[in-house]
Amino acid sequence: MTDEKLTQEQTDERIITQAFEELLERYLESRHRKKVEIITKAFNFAKQAHKGVRRRSGEPYILHPIAVARIACCEIGLGSTSICAALLHDVVEDTDYTVEDIENLFGEKIAMIVDGLTKISGGIFGDRASAQAENFKKLLLTMNDDIRVILIKISDRLHNMRTLGSMLPSKQYKIAGETLYIYAPLANRLGLNKIKTELEDLSFKYEHPDTYNIIQHKLESTQEERDNIFTEFTSPIKDQLDKMGLKYRIQARIKSPYSIWNKMQTKHITFEDIYDILAVRIIFEPENMSKEAIDCFNIYVAISSIYKPHPDRLRDWVNHPKANGYQALHITLMSNRGQWIEVQIRSERMNDIAEQGFAAHWKYKEGKFSEDEGELGKWLHTIKEILDDPQPDALDFLDTIKLNLFASEIFVFTPKGEIKTMPQNCTALDFAFSIHTFLGSHCIGAKVNHKLVPLSHKLQSGDQVEILTSKSQKIQTDWVNFATTAKAKAKIQSILRRERKESQLKGEELILKFLQDNKFTNSDDNIDKLCKLHHVKSSDELYIQIGNNVIRLGENDINELKEKPVTNNWKKFIPFSFVGNSKSKNKSQEQKTANNLEIDKKKILKLTPDAIQKNFIIADCCKPIPGDDVLGYIDDNNRIIIHKVHCPIAAQLKSSFGNRLLAVQWETGKALNFPVNLYVKGIDGIGILNKVTEVISGQLNVNIHKLHIESNDGIFEGRIQLFVHDVDDVNTICNNMKKIENIKRVTRIENFDDVVTI
């Protein structure tokens, strides 16, 4: 037994030593100063602190901090301070050591980063919404203190996602959900494009394993064809660039599985219909940095003489970088095969920033960022402004912050010609708040390109915007419905809350004076009578309406209060002794549904026909059917609701209530029928409807529940609601309908009246 134990310890020691040596090797290859001694000291300290501890996968725990440090070093480009902090990031949380111990041994800076990481440990989201919001606030505040905290946290999350296979299915949903909800957008905002893509793909892999494998297989099977297209397309480009005497390299960029799937979902198309899976990347070394932008456009001019460019698809991110620092010139060219291919032109410097973000180049000014450090500094400043206002609803707060994390960007101009970067689909109101809160609070309209427009007008790239204001204007409650940026929404809600509070206090004073003047007591009974008289739901709403002069107290109120109170108040004298036991009752019922279904979160629940009819609710928002990737959610009434994994409601549940998620599996056979909606589009012709119904009802014997078809200019569109057993039935129907002549598109939609943009 001792020999076996010794062998295991020796094996572990060899694996740990090898992993650390590989980390040091990669660090020494970097451009950073070679501070090997302090990194080795941090490794030895962490190794001793985590001695004997193993991860769920069975490997020694210290391998996780080493892996996180390696990601921070190699994939983000951070230096010795970050590597030490990554090695130590779990020590304070998981052992008896304190932040003071870390500071004494490794200095103030490393201790501060470790402290920041400890505060946001355990994931952004806890068991309660309020805890989630607080942890998320901490996460964002640490970005303002030292951006390296969140960069190491992203490294930590990436390694957790790479090793997610050892977790329970319900935990996989939770972790993958919050990764897609927050970490991937954060990585995107910080310019970590490669990491953002991997986080998305790993989340997709665990949420939709079958679909992920299908797309991967299709990518592999079409690889040879793409290689031929790439070689054929780039051959004349290489000749042209060689003539220009440029030092360059050309790469093929393949769309990621998650991006492909996302496009299939949003556009309602198949894998075969996606034409931008292949893109071409030209990366060059400029003669000198002053000519970097000129070289980009010279390359554009040169290759445009070979292939015709698309007039509407030139994206100049060189002169106007994205908010995360991304720079490149994007053009789309028509190949000799009649296929549009995007070409991205970048310098080596631009490519480094595109792959690693600013992380490898940022300068730390006493651990703080200032606004003059470009778009990132401005974004951090905006986040800090939002954090300064108290947010009563935790989930609204999360959604408000997330608004700006993943938005595409447009460029708009002020009346003086200054350029402003704004999120796509932003409104004139958002623009006003981006300039100044006072301007946003008092705006009455806007002029876009010298034409008067309402505040809800959506801005386009290149618009010149002038905001019109009035001192008498006040924020309107409906503004929050068309504000799209985090800053505008947060400011509007904050001011409305303040105004409601002021009105409420004013109303309370007025009602107190009214009651005193008319010799009535300020009792709950009297306030309830007034609420009933004026048809308001709560005393707070009554105070607000009185404070805003919507309700004016008068003779009717006096008469109402003079009426005799109802004497049948026997309820309040009955001792409700069972109320005190509600907590223990709830606790005992915590693991049961309303129908007494026993829940073991470690197991995968089976969706049998009997269970579906008795214990489960099929979510109306996404209407899953057998074969769809689904999860279970225990709601406030202890019912289990079944959602599609990619349903927008499920996305919020995964990131907000991960502890209530259950892994579920369909086992219905062909016993139950489920409604499903199909969208059909094609070229109109005599008998087309007859052919469609013949395939569905005649050949496949499927019942049509609802049918709507209309024709316009020779093109017909149809919506059909059917009852099927599972996804296989849907695929069979779609494939058979596609065989009908002149039918060009058949796809499943969630709701019968969904708008389909194809």
Side-chain angles (χ1 to χ4, degrees), residues 1-28 34-76 78-123 148-149 151-168 171 175 602:
M1 184 71 181
T2 310
D3 290 342
E4 284 180 19
K5 189 177 179 182
L6 191 65
T7 306
Q8 183 63 54
E9 284 179 2
Q10 287 174 334
T11 304
D12 289 348
E13 187 64 34
R14 190 172 68 250
I15 292 169
I16 293 165
T17 304
Q18 184 181 344
F20 180 64
E21 285 175 354
E22 286 174 3
L23 167 65
L24 274 185
E25 200 176 303
R26 296 300 302 273
Y27 169 66
L28 290 168
K34 308 301 181 274
K35 295 184 178 179
V36 175
E37 188 178 335
I38 193 167
I39 293 173
T40 306
K41 181 181 174 183
F43 161 67
N44 288 328
F45 183 81
K47 180 183 169 188
Q48 184 60 37
H50 296 301
K51 189 174 183 180
V53 182
R54 294 186 177 275
R55 299 188 84 206
R56 185 180 282 272
S57 60
E59 67 180 18
Y61 192 88
I62 186 62
L63 290 176
H64 169 64
I66 293 172
V68 173
R70 182 164 174 164
I71 292 168
C73 172
C74 307
E75 299 182 48
I76 299 181
L78 299 175
S80 59
T81 301
S82 300
I83 292 170
C84 289
L87 288 167
L88 300 165
H89 79 273
D90 279 333
V91 168
V92 174
E93 185 193 357
D94 295 342
T95 73
D96 294 332
Y97 290 104
T98 64
V99 175
E100 288 72 26
D101 295 329
I102 303 293
E103 186 173 348
N104 291 334
L105 287 165
F106 299 99
E108 185 184 352
K109 180 57 69 176
I110 291 173
M112 191 191 81
I113 295 173
V114 171
D115 187 34
L117 288 160
T118 305
K119 285 175 182 172
I120 54 172
S121 61
R148 287 174 288 191
V149 175
L151 293 172
I152 296 168
K153 190 63 186 172
I154 287 172
S155 304
D156 178 41
R157 176 48 58 111
L158 179 58
H159 185 248
N160 284 335
M161 287 301 297
R162 286 173 176 173
T163 57
L164 195 59
S166 59
M167 301 294 283
L168 295 170
K171 286 282 187 186
I175 294 168
K602 293 183 180 180

Full working for side-chain contact (heavy atoms from CB on, under 4.5 Å) between Glu22 and Gln18: CA-CA 6 Å; Glu22 286 174 3; Gln18 184 181 344; 3.4 Å; yes
Check against side-chain contact (heavy atoms from CB on, under 4.5 Å), Ile152 and Ile113: CA-CA 9 Å; Ile152 296 168; Ile113 295 173; 3.7 Å; yes
Working for side-chain contact (heavy atoms from CB on, under 4.5 Å), residues Glu75 and Leu158: CA-CA 11 Å; Glu75 299 182 48; Leu158 179 58; 3.9 Å; yes
Pair Phe20-Leu23, side-chain contact (heavy atoms from CB on, under 4.5 Å): steps then yes or no: CA-CA 5 Å; Phe20 180 64; Leu23 167 65; 4.1 Å; yes
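Residues Val36 and Leu28 are in side-chain contact: their nearest non-hydrogen atoms beyond the backbone lie under 4.5 Å apart. Proximity of Asp90 to Thr95: side-chain heavy atoms (C-beta onward) are nowhere separated by under 4.5 Å. Taking the side chain as every heavy atom from C-beta outward, Val114 and Phe106 never approach each other to under 4.5 Å. Between Pro60 and Ile15, the closest side-chain pair of non-hydrogen atoms is not below 4.5 Å.
Ring planes of Tyr61 and His50: tilted class, angle from 30 to 60°.
Note on Asp12 versus Arg54: salt bridge recorded, some NZ/NE/NH1/NH2 to OD/OE distance being below 4.0 Å.
With hydrogens and angles ignored, the 3.5 Å screen pairs no side-chain donor or acceptor of Lys41 with any backbone N or O of Cys84. No donor-acceptor pair under 3.5 Å is formed between the side chain of Arg55 and the backbone N or O of Glu59. In this structure a side-chain-to-backbone donor-acceptor pair under 3.5 Å is present from Asn44 to Thr40.
Residue Lys34 qualifies as enclosed at atom NZ: its count of foreign heavy atoms under 6.0 Å is above 12. Shown here is Asn104, whose CG atom has more than 12 heavy atoms of other residues, nucleotides or ligands within 6.0 Å.
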